[in-house]
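Reviewing the structure listed below.
Scope of the values below: all heavy atoms of this structure, side chains included, with no hydrogens, waters or symmetry mates. Each chain gets a letter, A, B and so on, in the order its sequence line appears, and its residues count up from 1.
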Protein chains: 2
Amino acid sequence: MIISKKQAFQDFASAKGLKSTKQRDIILDSFLSCHQHLTTEELYLKLKTDNPNIGFATVYRTLKLFAESGIAREIQFGDGQTRYEHMHAGEHHDHLVCTRCGAIVEFENETIEKLQSEVAAQHGFTIKNHKLELYGYCVKCS
Amino acid sequence: MIISKKQAFQDFASAKGLKSTKQRDIILDSFLSCHQHLTTEELYLKLKTDNPNIGFATVYRTLKLFAESGIAREIQFGDGQTRYEHMHAGEHHDHLVCTRCGAIVEFENETIEKLQSEVAAQHGFTIKNHKLELYGYCVKCS
DNA sequence: TCGTATATTGATAATCATTTTCAAAAAGGC
DNA sequence: GCCTTTTTGAAAATGATTATCAATATACGA
């Protein structure tokens, strides 16, 4: 899984004529080995421990590249920070967000996806992607 | 409809011990008579024509109050700006967003809502609100 | 109506996340 | 190795939003 993501990004990079650099490799490894939904800042801090020489501008730039390449997706939960999550080809998942403790649970629901397509078709829209987030309290917090 | 929103905000204000001010009245009228999904800046610019003496800090503060009072809701479409839309008691609508021309279409779908509740229940979540946005191209742009 | 306590305003400064700038360093051909 | 182009890191810039604070307005009791 991780290997194919690496491959996918390398394909994207060479197709775009990007040069391969140490920094991007490090950031890619770190991102792929990381839990989901992390902030640019979180990844930057995590990296800095082992690689104090990587600047945060590079982390920002590289995560944007990951999103562009399709191996990551930007998500925003309304707390002002952009998060990045791994993107698994072909599948899509949505989020339950606990507004008390910040816990994030992922879920998938094909019926909802199908209904979304129907709604879009009714309005003549061609859907590229979507975002569904349910906000509330998790088991522990309610 | 507009009158009841005004009433609703006044109830909220008095319950919170807020004083009634000219500025808030003007902003409330302007907001209620406005199209949906407007940016704080858009409302500020619109106001400034007739009321050059209202500061944008007040507009920001007041829109946050509207959201708190329940007559408005904050929405974010990922373009970096917070938008406010009218909130109709008891009903909830979601959005189709055209990523080319920026068109926004609202829709409601009870079945999706029901499925969301089911998903939340399965994970032990108590849902307070949710957000569903479908991004793609509208009829004209596709 | 007057005074007083409290909330609100507007201008400005501050903040926070993100982006841009730019000179120096690194990569990829040839 | 040379030369062109991309990338990097540090710092400055940006853009949206929030906090600060003195001046002003409001509510309410005397």
Side-chain angles (χ1 to χ4, degrees), chain A residues 9-31 37-69 72-84 102, chain B residues 9-31 37-69 72-84 102:
Chain A
F9 182 68
Q10 264 154 36
D11 292 350
F12 166 84
S14 69
K16 253 211 142 190
L18 303 178
K19 293 178 175 174
S20 83
T21 70
K22 228 184 316 173
Q23 288 89 332
R24 278 211 272 255
D25 288 347
I26 292 170
I27 297 172
L28 181 53
D29 278 339
S30 190
F31 173 71
H37 315 118
L38 37 56
T39 290
T40 312
E41 197 192 1
E42 283 169 1
L43 186 56
Y44 169 65
L45 290 175
K46 190 186 175 237
L47 280 168
K48 223 169 62 168
T49 330
D50 295 324
N51 308 275
N53 44 320
I54 292 188
F56 69 85
T58 303
V59 180
Y60 269 97
R61 281 188 282 237
T62 308
L63 282 175
K64 281 219 161 286
L65 275 181
F66 291 171
E68 202 188 331
S69 80
R73 176 181 23 230
E74 299 187 341
I75 42 176
Q76 278 164 284
F77 289 142
D79 62 349
Q81 273 182 96
T82 302
R83 285 153 201 280
Y84 289 85
Chain B
F9 182 69
Q10 262 154 38
D11 291 351
F12 166 84
S14 71
K16 253 212 142 189
L18 303 178
K19 294 177 175 172
S20 82
T21 71
K22 228 182 318 173
Q23 287 89 333
R24 277 211 273 256
D25 288 347
I26 292 169
I27 297 172
L28 181 53
D29 279 338
S30 190
F31 172 72
H37 317 117
L38 37 59
T39 291
T40 312
E41 198 193 0
E42 283 169 0
L43 186 55
Y44 169 64
L45 291 176
K46 189 185 176 240
L47 280 168
K48 223 170 61 169
T49 330
D50 294 324
N51 309 275
N53 45 322
I54 291 188
F56 69 85
T58 304
V59 180
Y60 269 97
R61 280 187 284 237
T62 307
L63 281 175
K64 281 219 161 287
L65 276 181
F66 291 171
E68 203 189 329
S69 80
R73 177 184 18 234
E74 298 187 342
I75 42 177
Q76 279 165 283
F77 290 141
D79 61 349
Q81 272 183 97
T82 302
R83 284 154 200 281
Y84 288 85

Check nucleotides 5-8 of chain D against the protein and report each pair of N or O atoms closer than 3.5 Å, with its distance, or say if there are none.
unit_1: D:dT5; atom_1: O2; unit_2: A:K19; atom_2: NZ; d: 2.3
unit_1: D:dT6; atom_1: O4'; unit_2: A:K19; atom_2: NZ; d: 3.3
unit_1: D:dT7; atom_1: OP1; unit_2: A:K19; atom_2: N; d: 3.3
unit_1: D:dT7; atom_1: OP1; unit_2: A:R24; atom_2: NH2; d: 2.6
unit_1: D:dT8; atom_1: OP1; unit_2: A:T21; atom_2: OG1; d: 2.7
unit_1: D:dT8; atom_1: O3'; unit_2: A:Q23; atom_2: NE2; d: 2.8

Between the protein and nucleotides 17-19 of chain C, which nitrogen or oxygen pairs are less than 3.5 angstrom apart?
unit_1: C:dT18; atom_1: OP1; unit_2: A:T82; atom_2: N; d: 2.8
unit_1: C:dT18; atom_1: OP1; unit_2: A:T82; atom_2: OG1; d: 2.7
unit_1: C:dT18; atom_1: OP2; unit_2: A:Y60; atom_2: OH; d: 2.7

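In this view, A:N53 and A:N51 satisfy the side chain to side chain contact (heavy atoms under 4.5 Å, CB included) rule, not counting sequence neighbours. A search for side chain to side chain contact (heavy atoms under 4.5 Å, CB included) contacts involving A:L38 returns A:F31, A:C34, A:H35, A:E42, A:L43, not counting sequence neighbours. In this structure, A:R24 has no salt bridge (Lys or Arg N to Asp or Glu O under 4.0 Å) partners at least two apart in sequence or on a different chain.
Atom-to-atom, CG of B:L28 to P of C:dT8 comes out at 15 Å; the value is rounded to the nearest Å. The distance from atom CG of B:D25 to atom P of C:dT9 is 10 Å, rounded to the nearest whole Å. C:dG10 atom C1' lies 11 Å from atom CD1 of B:I27, rounded to whole Å. One can place NZ of B:K16 at 15 Å from C1' of C:dT6, the figure rounded to the nearest angstrom.
Heavy atoms only, all atoms of each residue included: B:Y84 and B:L63 are closest at CE2-O, 3.5 Å.
Residue pairs meeting the salt bridge (Lys or Arg N to Asp or Glu O under 4.0 Å) criterion with at least one member in residues 45-69 of chain B, sequence neighbours excluded, are B:K16-B:E68, B:K64-B:E74.
In terms of modelled atom types and a separation under 3.5 Å, the side chain of B:S30 and the main chain of B:I26 share no donor-acceptor contact.
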